[in-house]
Protein chains: 2
Amino acid sequence: MTGQRTNARSPTTGKPRAARLSVDRVLEAAFARVRSTGLPSLTMRQLADDLGTGPMTLYRHVSGRDDLLRRMLDRTVAEMDLPPVSLDPREELTGLVTAVHARFRRDPWVVTLVASEGLSSPDILPVVERMLNALKNAGCNHDEMAAAYALIWHYTYGEAIDSHRDGELDRVAAGMGDIDVGEYPTLAEMLCRRRGTQRRHLFEGNLQRLLDSVL
Amino acid sequence: MTGQRTNARSPTTGKPRAARLSVDRVLEAAFARVRSTGLPSLTMRQLADDLGTGPMTLYRHVSGRDDLLRRMLDRTVAEMDLPPVSLDPREELTGLVTAVHARFRRDPWVVTLVASEGLSSPDILPVVERMLNALKNAGCNHDEMAAAYALIWHYTYGEAIDSHRDGELDRVAAGMGDIDVGEYPTLAEMLCRRRGTQRRHLFEGNLQRLLDSVL
DNA sequence: ACCTGAACACCGTTCAAGT
DNA sequence: ACCTGAACACCGTTCAAGT
């Protein structure tokens, strides 16, 4: 015997074999799977196949499917690209909300996870703290802070959920086929004119409008 | 033989037996199940059990699980208790959003359905049309209408999703155990003072604030 | 003709048997 | 000791056999 078989190298090729399973490797594969074929396709068995192992091997690194999803959510939140702290409340809030929004846009499937499981990741706390501080610095009292926080957060939330589809208006139209112009004239007119409006632009504008009313 | 066995009456008791299955009966049972034990417990097999029949019998009335869920969503939207049309834009918008919000609150599980499947129910169209008309009457041009519509809708959406839990702040705290006061002083202070704030009150206030900025 | 049981191809997870 | 295959109790749905 020339080498230990217990790790790292294939006895036949000598090439560094796919590293032995670890939580990170499992998560990596899970992200790849869900990104390419969606959340429902992320099953323990499929994931095991992707990693070239049996389903039970995964349970060495993850306590079950729920644990896997929680870890994916945690990692997603931790990966948020937060801007440096700004003392200007508007700049601070814009930066934070934009970062959250951008993260959700990169992995839209997370939002449905958040919607059904909640977003109680430890790494969201710094974001919350910074938002509250910005509101405080803007002169909000506690009631105002609570209200403003809820308003901003819920808007971001709703926008994110809606944005992993094509937007409410378009989708309503698509799902319905052609709208009855006689019955819904204003809606039909909107759908006709609004083509090409950028979602992103809409989000940025509305966020500023929200901040106008809050600050 | 004294009576037909094909329908309506039990041959043994003569009492009107549970009516033969129909889409309505299936939906009724599905709502009951999901209301009492949650969305994941709504399986074709469980539903069949609830109705005292075999799983396959359901497929006579519903083309599959997706179809069942879509019908439940449609019915939920159709059951919205819309207020009479008002010519005052603020009153009209307040009434509509409040109605949507109230419907979601009565069956919070629908929101996760909406989040993953979208809300493309035909019965949402009148609501959309009325919202757009109210914005038009308030003097919005098309771009403003699109923006204001998205803002209002996304806020309602996000609020609804969040509200079937205990609210973001509380939940974050609950999920985390005790917050590190040193690390997150503003958050800790908020959590301490905010106890007892009514969600409903917060929603109404924020909606008015939103309308202030939109109208 | 209408209805539905058995069967198929999945799923998450337990548990005991492998090395 | 560490790892994992077989088995269990589910799931939605097909399909052919019942009445």
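Each chain gets a letter, A, B and so on, in the order the sequences are listed, and its residues count up from 1.
dA7(D) and dT19(C) have their P atoms separated by 16 Å, given to the nearest Å. The gap from the P atom of dG18(C) to that of dC8(D) amounts to 16 Å, rounded to the nearest Å. Going from the C1' atom of dG12(D) to that of dT14(C) covers 23 Å, rounded to whole Å.
The aromatic rings of Trp109(B) and Phe31(B) sit perpendicular, their planes meeting at an angle over 60°, well past the 30° parallel limit.
Residue Thr53(A) has its side chain nearest to dT4(D) when only dG5(C), dG12(D), dT4(D) are considered. Taking only side-chain atoms of Arg60(A), from C-beta outward, the nucleotide of dC2(D), dC11(C), dC2(C) with the closest atom is dC2(D).
Whole-Å rounding puts the Gln46(A) CD to dG12(C) P distance at 10 Å. Regarding Met44(A), its CE atom lies at a distance of 18 Å from the P atom of dC10(C), rounded to whole Å. Atom CE of Met56(B) and atom P of dC2(C) are 16 Å apart (whole Å). Arg65(B) places its CZ atom 13 Å from the C1' atom of dT13(D), with the value rounded to the nearest Å. Remark: P of dC3(D) and CG of Leu21(A) are 10 Å apart, rounded to the nearest angstrom. Counting to the nearest Å, the C1' atom of dC10(D) and the CG atom of Leu42(B) are 15 Å from each other. Per the geometry, CG belonging to Leu58(A) stands 14 Å off P belonging to dT14(C), to the nearest Å. Rounded to whole angstrom, the span from the CZ atom of Arg45(B) across to the P atom of dT14(D) amounts to 13 Å.
For the OP1/OP2 pair of dT13(D) and a distance below 4.0 Å, the side-chain nitrogens and oxygens of Tyr59(B) include at least one atom meeting the criterion. Contact annotation: Thr57(A) reaches the phosphate of dT4(D) (side-chain N/O to OP1 or OP2, under 4.0 Å).
Of all non-hydrogen atoms in Ala78(B) and Asp123(B), the two that sit nearest each other are CB-OD2, 3.4 Å.
As the counterpart of dA9(C), no nucleotide is assigned, since no Watson-Crick or G-U wobble pattern has both distances under 3.5 Å. The partner of dA17(D) is absent, by the rule that a Watson-Crick or G-U pair needs both atom distances under 3.5 Å.
Judged purely by distance below 3.5 Å, without hydrogens or angles, the side chains of Gln208(A) and Thr94(A) pair a donor atom with an acceptor atom. Judged by distance alone, the side chains of Asp107(A) and Thr76(A) never bring a donor and an acceptor atom under 3.5 Å apart.
Annotation: the span from Leu73(A) atom CG to Arg71(A) atom CZ amounts to 13.0 Å, rounded to 0.5 Å.
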